[in-house]
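Below you'll find the structure I mean.
Just so you know, residue 1 is the first one in the sequence shown, and it goes up from there. Counting convention: from 1, in listed order, for ligands and their atoms alike.
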Amino acid sequence: MNPIRRAVVAAAAVAALAAPLLASAQDIKPRLIRFGYGLNENSNQGRAVKFFAEQVEKASGGKMRVRAIGSAALGPDTQMQQALIGGAQEMMVGSTATLVGITKEMALWDTPFLFNSAKEADIILDGPIGEKVKAKLQDKGLVGLVYWENGFRNLTNSKRPVTKLEDLDGVKLRVMQNNVFLESFRSLGANAVPMPFSELFSALETRAVDGQENPYNTILSSKFHEVQKYLTVTNHVYSPWIITVSKKWWDGLSPAEQKVLQDAARASRDFERRDTREEAGRALAELKAKGMQINELSPAEAARMRDRLTRVNASIGVNVGMDLWNETQSALTKLRAA
Ligand code: TF8
């Protein structure tokens with residue numbers, strides 16, 4: 001080989017080695033990601049979105065930037081979902097419960113007392129059943145990345161201490177825009193009204209509604225203790241959050257960009273669950289210190305409430321499909337026997 005030819009071959013070899021690196025750098029383009037969420041910046045949700053944003057920026061060498069927009073400034077969950085579907089917004093995190101109008105299978109997670117522990121929730125949500133439900137979003141223009149923990153929900157109100165079923169009679173209770181929640185609380189005797197979360201604080205403050213139900217973390221971070229006196233420990237359902245992406249936008253991303261988002265989402269899930277559980281552990285005491293009256297249900301009353309609430313189960317099974325319902329029940333049975 002003559003020297004010139006040798007130099008050309010050597011240069012080509014160097015270029016070939018560098019190619020994958022260059023290709024992946026070119027595969028990541030400058031992107032601005034509008035990421036909406038409903039709680040405020042100082043909530044578990046806000047902290048985890050911030051964590052996600054940092055991960056994305058780090059992994060993309062600062063090319064992909066996440067603009068986190070909290071406090072429902074881009075609208076309540078249902079409005080953001082439509083913006084994602086239409087491609088006007090890239091990402092969001094919100095309750096799976098507000099997705100049921102788009103993907104009926106999401107109602108599986110609304111089943112009262114479905115999970116006995118956060119550990120059970122993690123296993124089912126991160127396992128094949130959670131994946132299957134998440135995958136259903138794709139036909140509807142959304143890509144689900146990971147589930148976060150909203151948490152076990154508890155009841156608050158400003159009217160009276162709720163220590164038995166009858167205390168709920170006539171209590172005007174805000175629920176999420178979701179039929180299972182609506183039916184569940186109607187069956188308990190409450191006057192349940194669906195309302196987006198973004199309107200809830202002022203509805204409680206003006207007494208347009210008497211009460212609501214959410215995890216301790218949210219009751220605290222949204223300052224509901226300022227407008228709610230009584231808290232009953234019900235743990236009536238485990239609520240997941242889910243990170244969703246506009247499929248229209250996602251399909252235009254390179255595999256490298258999609259990987260950045262997927263990896264960051266997974267890391268944010270682990271961060272969020274750890275942070276949420278740690279906060280939940282002290283939030284109840286803090287709510288008490290801030291003046292809320294905490295009521296525990298007697299075992300007999302808890303059983304009565306549970307019995308009433310789980311009457312909606314049959315209709316959830318039919319709605320999400322009996323195969324999915326049965327698969328979930330047998331997975332839980334197996335888990336509990338282990
Ligand atoms: C609710 C939910 C909300 C979440 C949040 C806005 O009661 O628990 O806290 O959906 O993402 O609406």
Side-chain angles (χ1 to χ4, degrees), residues 35-50 52 68-84 89 91-103 106-107 109-112 114-115 121 142 144-157 172-182 184-185 190 192-204 208-225 227-228 231 234-244 268-269 272-273 275-276 279-280 283:
F35 191 125
Y37 62 99
L39 300 190
N40 62 50
E41 267 179 50
N42 300 318
S43 64
N44 53 340
Q45 197 174 53
R47 290 190 292 274
V49 173
K50 186 161 177 272
F52 173 80
I69 306 161
S71 302
L74 295 178
D77 284 6
T78 49
Q79 191 180 322
M80 291 195 285
Q81 291 154 10
Q82 293 307 323
L84 261 60
Q89 181 184 330
M91 293 185 73
M92 66 172 286
V93 63
S95 269
T96 53
T98 55
L99 273 168
V100 293
I102 293 171
T103 299
M106 285 288 162
W109 315 128
D110 302 328
T111 308
L114 182 66
F115 300 131
L142 296 170
L145 293 187
V146 288
Y147 296 100
W148 283 0
E149 172 160 300
N150 186 354
F152 284 100
R153 303 178 77 93
N154 292 288
L155 194 72
T156 70
N157 87 99
K172 202 162 176 194
L173 191 80
R174 175 271 177 178
V175 292
M176 291 186 281
Q177 293 149 297
N178 171 294
N179 271 332
V180 174
F181 278 84
L182 198 59
S184 298
F185 283 95
V193 284
M195 181 187 292
F197 185 82
S198 48
E199 291 169 23
L200 181 51
F201 186 90
S202 76
L204 293 169
V209 294
D210 303 312
Q212 64 87 43
E213 41 82 53
N214 254 299
Y216 299 143
N217 307 60
T218 300
I219 298 169
L220 185 63
S221 67
S222 290
K223 299 194 189 304
F224 290 163
H225 52 267
V227 286
Q228 298 278 273
L231 188 157
T234 50
N235 290 314
H236 50 275
V237 67
Y238 177 93
S239 254
W241 279 327
I242 186 167
I243 298 191
T244 47
S268 75
R269 172 190 72 193
E272 194 272 346
R273 286 177 180 164
D275 178 59
T276 296
E279 183 184 49

Original post:
Backbone N or O of W148 within a donor-acceptor pair of the E272 side chain at under 3.5 Å?
Top reply: no
**OP:** Establish, from distance only, whether the side-chain atoms of S71 and E41 form a donor-acceptor pair under 3.5 Å.
**Re:** no
Original post:
Checking side chain to side chain contact (heavy atoms under 4.5 Å, CB included) against V237, which of F152, F181, F115 comes through?
Top reply: F181
Original post:
Quick one: do the T276 and N217 side chains pair a donor with an acceptor below 3.5 Å?
Top reply: no
Original post:
Just heavy atoms, cut-off under 4.0 Å: does Q212 contact ligand 1 by side chain, backbone, both, or neither?
Top reply: neither
**OP:** Could you list which atoms of ligand 1 come closer than 4.0 Å to a heavy atom of M176?
**Re:** 1 (C), 2 (C), 7 (O), 12 (O)
**OP:** Show which atoms of ligand 1 fall inside a sub-4.0 Å distance from at least one heavy-atom site of L39.
**Re:** 9 (O)
Original post:
Nearest to atom 8 (O) of ligand 1, what protein heavy atom do you find, and at what distance?
Top reply: N214 OD1, 2.7 Å
**OP:** Measure the distance from atom 11 (O) of ligand 1 to every protein heavy atom, then report the residue, atom name and distance (to 0.1 Å) of the closest one.
**Re:** Q45 NE2, 2.9 Å
Original post:
Would one find an N or O of N150, backbone or side chain, under 3.5 Å from an N or O of ligand 1?
Top reply: yes
Subject >> atom 10 (O) of ligand 1: nearest protein contact (heavy atom, Å) >> reply: S95 OG, 2.9 Å
Original post:
Which residue owns the protein heavy atom closest to atom 3 (C) of ligand 1, what's the atom, and how far is it?
Top reply: F197 CD1, 3.8 Å
Original post:
Are the side chain of R174 and the backbone of F201 linked by a donor-acceptor contact shorter than 3.5 Å?
Top reply: no
Original post:
Which is it for Y37 and ligand 1 at heavy atoms under 4.0 Å: side chain, backbone, both or neither?
Top reply: neither
**OP:** Examine distances only and state if a side-chain atom of N178 and a backbone atom of V100 form a donor-acceptor pair shorter than 3.5 Å.
**Re:** no
**OP:** Could you tell me if any non-hydrogen atom of G94 lies under 4.0 Å from any atom of ligand 1?
**Re:** yes
Subject >> Q228 to G211 - nearest heavy-atom pair and separation >> reply: OE1-CA, 3.4 Å
Original post:
Using a distance-only test with no angle check, is there a side-chain donor-acceptor pair under 3.5 angstrom linking Y238 and E149?
Top reply: yes
Subject >> Atoms of ligand 1, numbered as shown, that sit under 4.0 Å from any heavy atom of G38 >> reply: 6 (C)
Subject >> Residues E213 and T234: side-chain donor-acceptor under 3.5 angstrom >> reply: no
Original post:
What part of D77, side chain, backbone, both or neither, has a heavy atom within less than 4.0 angstrom of ligand 1?
Top reply: side chain
Subject >> Proximal candidate to atom 7 (O) of ligand 1 [heavy atom criterion; set R174, E213, Q177] >> reply: R174
